[in-house]
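Notes for the one structure printed next.
A quick note: this is a predicted structure, and the numbers were derived from the prediction, not measured. Each chain gets a letter, A, B and so on, in the order its sequence line appears, and its residues count up from 1.
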Amino acid sequence: MHLIVRVKDRVNYWLMKSEPEVYGIGNLERDRTTIWDGVRNYQARNFLKSMQVGDVAFFYHSNTNPPGIVGLMQIVAAQVVDPSQFDPDGDYYDPKSTPTAPRWHTVKVEFVRTFSNVITLATLRDRFTPAELLVVKQGNRLSVMPILDRVAEEILELSPAKG
DNA sequence: GCCAACGTTGGC
DNA sequence: GCCAACGTTGGC
């Protein structure tokens with residue numbers, strides 16, 4: 001049986017977590033772009049690898065009060081070799097990685113906007129089931145995850161731009 | 001600070 | 001290849 005796969009240009013949506021104490025949306029607004037380095041989980045890495053330029057990602061603040069989605073960013077470079085894997089003095093050094101055989105790829109993201117209010121985890125739990133949105137699942141530790149189009153659009157409706 | 005969830009490591 | 005021990009994430 002043959003399937004005709006129609007390849008269409010489409011935007012994929014993602015959610016990416018960071019602790020604001022380490023690197024928050026304010027840091028990204030200041031820097032405009034950043035390499036999303038330091039992810040050392042294979043499932044998260046595989047999602048990072050599948051991101052394409054133009055994809056949109058929600059910036060999620062974790063390990064803070066309240067946790068939640070705080071803004072938007074866009075993928076501006078894909079398949080970026082994570083430079084932190086080569087730094088022997090850094091927290092993310094991977095001695096098994098070499099420049100010719102890097103183990104960790106990531107993306108470069110660009111600031112789009114900060115939401116006027118945090119879309120808290122509690123709000124997300126009210127609106128979405130764990131099957132719809134993985135981040136609301138209890139005990140979820142994945143720091144990069146895909147977001148269904150329908151869910152992304154609903155989140156965007158909750159998020160007027162700041163100012 | 002506690003602890004549930006869960007990914008990773010390593011002994012066997 | 002199993003699985004107990006351990007370490008980390010991250011909400012609360």
Side-chain angles (χ1 to χ4, degrees), chain A residues 12-31 33-51 55-75 78-109 111-148 150-152 154-159 162:
Chain A
N12 291 300
Y13 294 99
W14 306 92
L15 181 148
M16 299 166 79
K17 293 181 187 173
S18 183
E19 300 186 20
E21 297 283 306
V22 178
Y23 193 90
I25 188 87
N27 300 95
L28 182 60
E29 182 168 16
R30 177 199 64 202
D31 297 344
T33 66
T34 194
I35 291 176
W36 201 269
D37 64 1
V39 172
R40 295 293 180 270
N41 168 282
Y42 288 104
Q43 200 180 352
R45 181 198 67 178
N46 291 341
F47 286 132
L48 286 168
K49 271 186 170 175
S50 67
M51 291 182 183
D55 284 0
V56 170
F58 293 97
F59 197 129
Y60 179 95
H61 279 179
S62 63
N63 203 16
T64 190
N65 187 19
I69 294 172
V70 293
L72 263 193
M73 50 195 169
Q74 190 161 33
I75 310 308
Q79 318 275 322
V80 175
V81 174
D82 182 342
S84 67
Q85 67 196 300
F86 306 125
D87 176 7
D89 299 321
D91 290 339
Y92 305 116
Y93 180 59
D94 185 342
K96 293 180 188 159
S97 272
T98 64
T100 51
R103 304 177 79 220
W104 304 100
H105 286 74
T106 185
V107 293
K108 183 189 270 189
V109 298
F111 176 80
V112 175
R113 69 173 185 266
T114 300
F115 295 160
S116 55
N117 52 302
V118 178
I119 304 172
T120 65
L121 179 59
T123 297
L124 294 171
R125 286 221 162 97
D126 284 344
R127 285 190 142 73
F128 305 107
T129 66
E132 291 172 311
L133 181 63
L134 199 59
V135 78
V136 307
K137 190 176 165 193
Q138 187 185 357
N140 162 70
R141 292 167 51 188
L142 191 61
S143 66
V144 177
M145 66 189 71
I147 304 289
L148 297 172
R150 178 179 70 72
V151 171
E154 197 172 327
I155 293 170
L156 286 170
E157 286 173 15
L158 297 171
S159 60
K162 183 178 258 180

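Across all strands shown, A:Arg125 has heavy atoms under 4.0 Å from sugar-phosphate atoms exclusively, and none from any base. Heavy atoms of A:Gln43 sit nowhere under 4.0 angstrom from any nucleic acid atom. Note on A:Asn140: only backbone sugar-phosphate atoms sit closer than 4.0 angstrom, heavy atoms only; bases stay farther off.
Judged purely by atom type and a 3.5 angstrom limit, A:Arg127 has no side-chain atom pairing as donor or acceptor with the backbone of A:Ile155. Using a distance-only test at 3.5 Å, with no hydrogens or angles considered, no donor-acceptor pair links the side chain of A:Glu29 to the main chain of A:Arg113.
Heavy-atom nearest nucleotides on DNA chain B were determined for A:Tyr42 and for A:Asn63, and the one closer to the 5' end corresponds to A:Asn63.
Once you apply a 4.0 Å limit to the heavy atoms of chain A, the touched nucleotides of DNA chain C run 5' to 3' over C:dG7 to C:dC12.
In this pair, A:Phe59 and A:Trp36 present their aromatic rings perpendicular. The plane angle is above 60°, beyond the 30 to 60° band.
Aromatic rings of A:Trp104 and A:Tyr42 (six-membered ring for Trp) have centroids within the 6.0 Å cut-off, being under it.
With respect to A:Tyr13, the side chain to side chain contact (heavy atoms under 4.5 Å, CB included) criterion is satisfied by exactly one of A:Asp55, A:Val151, A:Leu148, A:Leu156: A:Leu156.
Between A:Asp82 and A:Arg40 a salt bridge is recorded (basic side-chain N to carboxylate O distance below 4.0 Å).
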